[in-house]
Amino acid sequence: MKRQRVASLKTLPEGESVKFQFQRDGLSFEGFALRFGEQIVAYENRCRHLPLSLDYGDGRFLTRDGAHLICQSHGALYEPLTGLCVRGPCEGASLRPLKVELAEDALWLVS
Ligand code: FES
């Protein structure tokens, strides 16, 4: 098992997110982690409609009301805790989850 430090928990208050790079099969990908209520979730930063980042580079993942993750390209809405697209061109598809764990006051990506 490999662990990669993603962020200090102090930098992840409610509704905040952090982006990070990770390797898979020798290729580099971008992921993001988000604190949503009491939980922290992490996904690959790639929409399920087209291979574009959800945030379009500005680090904003949540809708204004904070209820959903949003893809800024065409407005797909995803449930934060499951990654399921509930509205938009990729409805029914899910973001690719990343396994993370909390330890030593930090968030770690586990692969
Ligand atoms: S690229 Fe995300 S909704 Fe189209």
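Keep in mind that the numbers below use all heavy atoms, side chains included, and drop hydrogens, waters and symmetry copies. In listed order, ligands and their atoms are each counted from 1. The structure presented is a predicted model; accordingly, all values stated were derived computationally and were not measured.
The aromatic ring centres of Phe20 and Phe32 sit 6.0 Å or more apart.
A distance-only check finds no donor-acceptor pair linking the side chain of Tyr43 to the backbone of Leu98 [under 3.5 Å].
The distance cut-off of 2.8 Å around atom 2 (Fe) of ligand 1 captures these protein N, O or S atoms, sorted by chain and number: Cys47 SG, Cys71 SG.
Residues Phe61 and Leu52 do not share a hydrophobic cluster, clusters being chains of Ile/Leu/Val/Met/Phe/Trp/Tyr side chains in contact below 4.5 Å. Linking Ile, Leu, Val, Met, Phe, Trp and Tyr residues whenever their side-chain heavy atoms come within less than 4.5 Å leaves Trp108 and Phe22 in two separate clusters. In the hydrophobic clustering of ILVMFWY residues, with side-chain heavy atoms under 4.5 Å counting as a link, Leu102 and Phe36 come out apart.
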Report the C-alpha distance between Gln23 and Ser28 in whole Å, list the side-chain angles of each, state the deciding distance to 0.1 Å, and finish with yes or no for side-chain contact (heavy atoms from CB on, under 4.5 Å). CA-CA 5 Å; Gln23 300 280 317; Ser28 185; 3.6 Å; yes

